Structures are given as structure tokens and as C-alpha cells.
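So the structure is just underneath, and the comments pick up after that.
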Number of protein chains: 2
Amino acid sequence: MQITSKFTTAVHILTCIDVFGEQMRVTSEFLSGSTGVNAVIIRNVLAQLRSAGIVNTRQGSGGAHLAKPLNEITLYDVYLAVECVDNDEGLFHFHENPNARCPVGRNIHKVMDNRLSAVQAAMENELKSVSLSEIVADTKRIISEE
Amino acid sequence: MQITSKFTTAVHILTCIDVFGEQMRVTSEFLSGSTGVNAVIIRNVLAQLRSAGIVNTRQGSGGAHLAKPLNEITLYDVYLAVECVDNDEGLFHFHENPNARCPVGRNIHKVMDNRLSAVQAAMENELKSVSLSEIVADTKRIISEE
DNA sequence: CTACTTGTCAATATGATTATTACAAGTTTG
DNA sequence: CAAACTTGTAATAATCATATTGACAAGTAG
């Protein structure tokens, strides 16, 4: 099981918009070339980032732009935007038909739910602690040292 | 994206072994009935728990038994045993073909890896903090109050 | 108008997860 | 030993999520 690559793709996209955005139009075709991901997927990810208020895009004119400063975008915002984990279902997939006639079967969900939520929250809190400005700053530093 | 239900199934199994183990043989058929999960899946999960030194099973005689006390088994041990997350790949699936000729493409992995590992570690640390004895104690308490 | 780009649909592959059938091999009971 | 039961495991199929691809309507800019 792995969290969809749309997440790392989205971070890659946002980094490109900041790194290249001033010199050129950052189109879905360009992003497809940089990420190695199909342009339709790129457009879908951009649409999700746009719905989340993270980027602006427009038909025709082309080129994605940041809708807010990088330091106001965390990995968690990106994670939410691309729907890595379904809000209803949660991170852990429960076996769906525990037997209600078994004392354990009818209570296991109740007993585990809070704890699994805490595990998911621990992961999400860590995502909240990283802002895109850190990611991009590191990227620019590495590029300048190459 | 969700973590395989083999994880919650395994916790369910271990709870059943402790709750019912003294009164009866806890066979894969019985566990299949309690969990609503196919008996072959149950046997596969039991095989993984056995490989991890968490339970004992034997051909023929039937009935799974705990190989160590519940308070020495954490959710993390179970998570490792049933291989929720591939050790090589990690929790996050990276897009696989970033363009090495793009400055961002050839560095994005390097920049993100540490941070994604930290996120995964935060989740796994939370799993380590919960022992099966807590889960089973809660279950028994709820059953006794029904 | 023309060239380009985004938004989106539909069809297809690909891969992971779970279910199911089948049977060899080990254990227990009589 | 024979019968009944159980685990271990392989192979196949069904289901679902993920990612790719081609197509085209609609918006924008020169």
C-alpha cells in the first residue's frame, strides 16, 4: 500500500512553478516533461490544487501560478488537495463484515477506531510541520551548488 | 489509498485468540466466521504473524496460540508482520520517471526523501505506543458491560 | 482566424487486494 | 491404520484503485 504519487507529483509541480515561473510559462506539457507523468494527470492534479486554492490556472493562456505564498502552503495542504486519503474511510482499511454475533466481531471497530485515528493524526501533524517554502529553498540551494 | 485490511484483521485475530483461546480451539474457520474474512486470508495472516514470532500454529492440531504476552506486542509489530508498507518503497509512492535533465526533476527525490521518512516514522511511532494488551482489555471491558 | 492551452470524458492498461477452489501434509481420535 | 479435521500453500479469478492515453470542446492571445 502506498500513498498515491499524485502527492509527490503535486509537490514537484509547485516547486517547478516557483523555480521556473518567472522565466517562462509553466504549462501542463512542460510539467509532464519534468515529472515524467502524463499531461492529463498533471492537469487533474492542477485542477485539484486549484480547487484547494493553492494555484491559479486558466484555459487558453496557459501557465500555472501560485495562489498564495509558499510559506503558507504545507505538505498537509497538498495532501488534502490531492485526496491521498479518503475523508470518510480513513488511512486504515477495516475488514468490512465482522460478525455481529461474535462479541469480538461486534466491538473490534469501536475499540480500534480512536487509536487508528490517532495514528493517522500523527502522520498528518508531521505533514503540517513542513512548508513548501522549505522544500523549494532546499531545491534551489542544491541546484545552485550543482 | 488505504492500509490493507489484513492489519485490522490481524488485530481482530489476536484479540480472538486471547478472548476465546482458553475455552476452545481458535481455528482459521472460526476466525473466518468472526472476521467475515475468507479462511485462506486468515491462514495467510496467521502465517505472517507466525513468521514474526507473534503466534504459534501447527498443521493438523489446529488452533492458534499467542507466542508471547500481549503486552509485548504493539500495533507496530502487527503492522510489520503483515507488511502493510513495503520496506524498500516506503509509505509514499514517488512518481517514477522525473526528468534528470530538469534541475527540479533530478533533485526532487533528494529534497523530499528525508521529510517523507519523518512523516512515516511519526505514524509508526504512534503505532509503537499502543500494545495489544490495551486493545484486548478494552474489548473485554466492553463485552462485560454489554 | 490560428495556434496554443486547459478542462474533461472515455477507454484502456497496470497493479494491488481480496476471494475462492483445490489439494498436499500434519495431527488427533477411535 | 483409517477417518475426520486442520494448516500450508499454490493457482486462478474477481474486484478495485491507479495511471496512461487519445480525443475534443472551450477559453485565450497574437
Side-chain angles (χ1 to χ4, degrees), chain A residues 1-10 12-13 17 21 24-33 35-52 55-65 67 82-86 88-98, chain B residues 1-10 12-13 17 21 24-33 35-52 55-65 67 82-86 88-98:
Chain A
M1 157 330 278
Q2 288 192 293
I3 287 177
T4 173
S5 60
K6 287 202 293 178
F7 174 70
T8 56
T9 302
H12 187 142
I13 286 173
I17 293 174
M24 59 179 292
R25 274 199 305 175
V26 181
T27 67
S28 61
E29 278 303 325
F30 172 81
L31 290 167
S32 176
T35 57
V37 172
N38 189 280
V40 175
I41 307 289
I42 299 292
R43 289 184 210 141
N44 288 338
V45 171
L46 279 171
Q48 290 182 300
L49 292 173
R50 186 165 60 85
S51 295
V55 303
N56 292 315
T57 57
R58 279 167 71 205
Q59 281 187 326
S61 62
H65 300 273
V82 300
E83 294 169 6
C84 291
V85 170
D86 185 292
D88 300 328
E89 298 280 349
L91 178 60
F92 293 89
H93 183 17
F94 230 97
H95 49 298
E96 292 173 16
N97 305 304
Chain B
M1 156 336 274
Q2 289 193 292
I3 287 177
T4 172
S5 60
K6 286 200 298 179
F7 174 70
T8 54
T9 302
H12 187 143
I13 286 172
I17 293 174
M24 58 179 292
R25 275 199 305 174
V26 181
T27 67
S28 61
E29 278 302 326
F30 172 80
L31 290 167
S32 176
T35 58
V37 172
N38 189 280
V40 174
I41 306 291
I42 298 292
R43 288 184 212 140
N44 288 338
V45 171
L46 279 172
Q48 291 183 298
L49 292 173
R50 186 165 59 84
S51 295
V55 303
N56 292 315
T57 57
R58 278 167 72 206
Q59 282 187 324
S61 63
H65 300 274
V82 299
E83 295 168 8
C84 290
V85 170
D86 184 292
D88 300 328
E89 298 279 350
L91 178 61
F92 293 89
H93 182 18
F94 231 97
H95 49 297
E96 291 172 17
N97 304 305

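No hydrogens, no waters, no symmetry mates; every other heavy atom, side chains included, goes into these values. Each chain gets a letter, A, B and so on, in the order the sequences are listed, and its residues count up from 1. Please read these numbers as outputs of a predicted model, since none were measured by experiment.
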Starting at [atom1] of [X] and ending at [atom2] of [N], how long is that distance when rounded to a whole Å?
| X | N | atom1 | atom2 | value |
| --- | --- | --- | --- | --- |
| A:Glu83 | D:dA17 | CD | C1' | 14 Å |
| A:Leu49 | C:dG7 | CG | P | 11 Å |
| B:Phe30 | D:dT7 | CZ | C1' | 17 Å |
| B:Ile42 | D:dT9 | CD1 | P | 16 Å |
| A:Arg58 | D:dA29 | CZ | C1' | 10 Å |
| B:Asn56 | D:dG8 | CG | P | 11 Å |

Return the nearest nucleotide to the side chain of A:Thr57; candidates are C:dG7, C:dT28, D:dT7. C:dG7
Out of C:dT5, C:dT27, D:dT7, which nucleotide sits closest to the side chain of A:Arg25? C:dT5
Shorter than 3.5 Å, N or O on both sides, protein versus nucleotides 15-25 of chain C: list them out with atom names.
from, atom 1, to, atom 2, distance (Å)
C:dT17, OP1, A:Met1, N, 3.0
C:dT18, OP1, B:Ser5, N, 3.1
C:dT18, OP1, B:Ser5, OG, 2.6
C:dT18, OP2, B:Thr4, OG1, 2.6

Backbone of A:Val85 reached by a side-chain donor or acceptor of B:Gln2 within 3.5 Å: no
NE2/A:His12 to CZ/B:Phe94 distance, rounded to the nearest 0.5 angstrom? 9.0 Å
To the nearest 0.5 Å, what is the distance between CD1 on A:Ile3 and OG1 on A:Thr8? 10.5 Å
Contact summary for B:Ala10 and B:Val82, nearest pair of heavy atoms: CB-CG1, 4.0 Å
Check the phosphate of C:dT5 against A:Ser61, side-chain N and O only, distance under 4.0 Å to OP1 or OP2. Yes or no? no
Nucleotide N/O to protein N/O under 3.5 Å, stretch nucleotides 12-14 of chain C:
none

Could you work out, with side-chain hydrogen bond (donor to acceptor under 3.5 Å, both in side chains) as the rule, every residue matching A:His93, not counting sequence neighbours? none
Tell me, please, which residues at least two apart from B:Thr35 pass side-chain hydrogen bond (donor to acceptor under 3.5 Å, both in side chains). none
Once you build an axis from the first five pairs and another from the last five of the helix from C:dC1-D:dG30 to C:dG30-D:dC1, how far apart in angle are they, to 10 degrees? 20°
Donor-acceptor pairs are to be reported for all side-chain atoms of residues 38-50 of chain A against protein atoms at under 3.5 Å, with residues two or more places apart or in another chain.
from, atom 1, to, atom 2, distance (Å)
A:Asn38, OD1, A:Val40, N, 2.8
A:Arg43, NE, A:Ser28, OG, 3.2
A:Asn44, ND2, A:Val40, O, 3.4
A:Gln48, OE1, A:Lys6, NZ, 3.1
A:Arg50, NE, A:Thr57, OG1, 3.2

